[in-house]
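One structure is given below, encoded as structure tokens.
Numbers restart at 1 for each chain; the letters A, B, ... are given by sequence-line order, proteins then strands. In this text, all values refer to a predicted model and were calculated from it rather than measured experimentally.
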Number of protein chains: 2
Amino acid sequence: MNTLAYGLLGLVARTPSSGYDLMLQLQPFWQAKHSQIYPLLAKLEQEGYLEFTRVHQTDRPDKKVYSITEKGQIALKLWLGQPAVEPVVRDELVLKAYCLWLADEKMANAIFTERMDHCKEQLQMYEDYIKELTTEGEGVPDHPDHPSFGDYILLSWGARRMKDDIHWCEWVMDLLKKRA
Amino acid sequence: MNTLAYGLLGLVARTPSSGYDLMLQLQPFWQAKHSQIYPLLAKLEQEGYLEFTRVHQTDRPDKKVYSITEKGQIALKLWLGQPAVEPVVRDELVLKAYCLWLADEKMANAIFTERMDHCKEQLQMYEDYIKELTTEGEGVPDHPDHPSFGDYILLSWGARRMKDDIHWCEWVMDLLKKRA
DNA sequence: TTGAGCATGTAATGGGTTACATGATTGG
DNA sequence: CCAATCATGTAACCCATTACATGCTCAA
């Protein structure tokens, strides 16, 4: 049982979903390809944490819809109580920033502009999701017992993070402009 | 040649160092264990990107001090010009936040308190490094051509990130307090 | 003398990406 | 008819962690 497994249990606990759907839901918060998700779902099913029903669709290919079992729910709650492992960040930009003294101004600017653009895109995505969430439901989900509260704080986390990175990039590019 | 390899080249390009030392320097920005670093250094040496001299020490065990070759420098500068791969974040807390509706208030608070404490520790570390950098040198390193400029913006990045995470945790815990 | 930090390595295993494969359905 | 999206899977490979292994030096 690794972190991704609990992540999948957490998603399924809220809404029974297909592997494909889980992949899409997970993308913004935990990068995982379908080639990792499908075998893991099969394993979780074999071990009794999940069960699935084959759902026939007329407009689309059939799918396996997974839902959580009692065993899965117990495992999920136990995991929630455990201390979280430290976050891992792997950002190539950080290593490049360390080598900035080797780059000319043009190259340096390109590096940070690229990142800033990427962050702005991501920020837009997070804000779109937040808007969707707050208009679909009745305003800001402020009740921690409701599933959408999790969505809300997560999306806020993502948006904050992107804003902060954008500010950092602006700050660095400002310093670069002022170089003698 | 993976990202870690370029990270090592970047560190060595600035100051010839031992594997042990590189491991320590890299920790705050790219998590890598010695078991990954030592074989990679050996490979980079065999392929001509690095070279090493065995340095005898009286007070400590002998060490291999790696320095960059011309081939290594060329590869490093080429890498700098390439677009950076998107950052990957793997944060278990994020997945737990999604399941917050399954947790009671005590558990929810524990999760965020733990993270906040961790961030505060990290922030302290980054700020200590910044202080060291700005007192050792002549004030804030504002010249992008100088290696310490990279240090400065990187440490600022780390500190920013921790502050932002702390604010987010405070914000969430505030919402939790207000629960009916 | 024993534990902590310095120093280097290998082996086994687990996590994650890329590539290979297949096939349905819909809209342009 | 062709590209895009939905849908599921496997195999090979690379990246990263954990565990195994050794040995030096210094300070408590």
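- Look at Q57(B) and you'll find a side-chain N or O under 4.0 angstrom from OP1 or OP2 of dA7(C).
- Considering only side-chain N and O atoms, K33(A) lies under 4.0 angstrom from the phosphate OP1 or OP2 of dT18(C).
- Here dG23(D) presents its C1' atom at 13 Å from OH of Y38(B), a figure rounded to the nearest Å.
- When rounded to the nearest whole Å, the span between CG of N2(A) and P of dT17(D) equals 14 Å.
- Remark: P of dT5(D) and CD of Q27(A) are 14 Å apart, rounded to the nearest angstrom.
- Remark: side-chain polar atoms of K96(A) are not paired, donor with acceptor, to backbone N or O of G7(B) under 3.5 angstrom.
- OP1 or OP2 of dA16(D) sits under 4.0 Å from a side-chain N or O of R90(A).
- Each of S35(A) and P61(B) was matched to the nucleotide of DNA chain C holding its nearest heavy atom; the match closer to the 5' end belongs to P61(B).
- Taking the ring centroids of Y152(A) and W171(B), they lie under the 6.0 Å cut-off.
- Here the CD atom belonging to E121(A) is positioned 12.5 Å from the CE atom belonging to M116(A), to the nearest 0.5 angstrom.
- A donor-acceptor contact under 3.5 Å is not formed by the side chain of S18(A) with the base of dT8(D).
- A perpendicular orientation is assigned to the rings of F112(B) and W168(B), their planes being inclined by more than 60° (bins at 30° and 60°).
- Atom P of nucleotide dC14(D) and atom CD of Q36(B) are separated by 14 Å, given to the nearest angstrom.
- Summarising the geometry, the separation between CD1 on I37(A) and P on dT10(D) is reported as 14 Å, rounded to the nearest angstrom.
- Checking the phosphate oxygens (OP1, OP2) of dC6(D), a side-chain nitrogen or oxygen of Y20(A) falls inside 4.0 Å.
- Between the side chains of Q25(A) and W30(A), no donor N or O sits under 3.5 Å from an acceptor N or O.
- Listed pair K64(A) / dG9(D) meets the phosphate criterion, a side-chain N or O lying under 4.0 Å from OP1 or OP2.
- Atom pair L8(A):CG and dG16(C):C1' shows a separation of 14 Å (rounding to whole Å applied).
- The residue among W30(A) and R60(A) whose nearest nucleotide of DNA chain C is located toward the 5' end is W30(A).
- D21(A) places its CG atom 11 Å from the C1' atom of dA7(D), with the value rounded to the nearest Å.
- Out of dT17(C), dA19(C), dT26(C), the shortest distance to the side chain of Q31(A) is found at dT17(C).
- For the pair M23(B) CE and dT8(C) C1', the interatomic distance rounds to 10 Å; values are reported in whole Å.
- No N or O donor and acceptor, one from the side chain of T58(A) and one from the base of dT25(C), sit under 3.5 Å apart.
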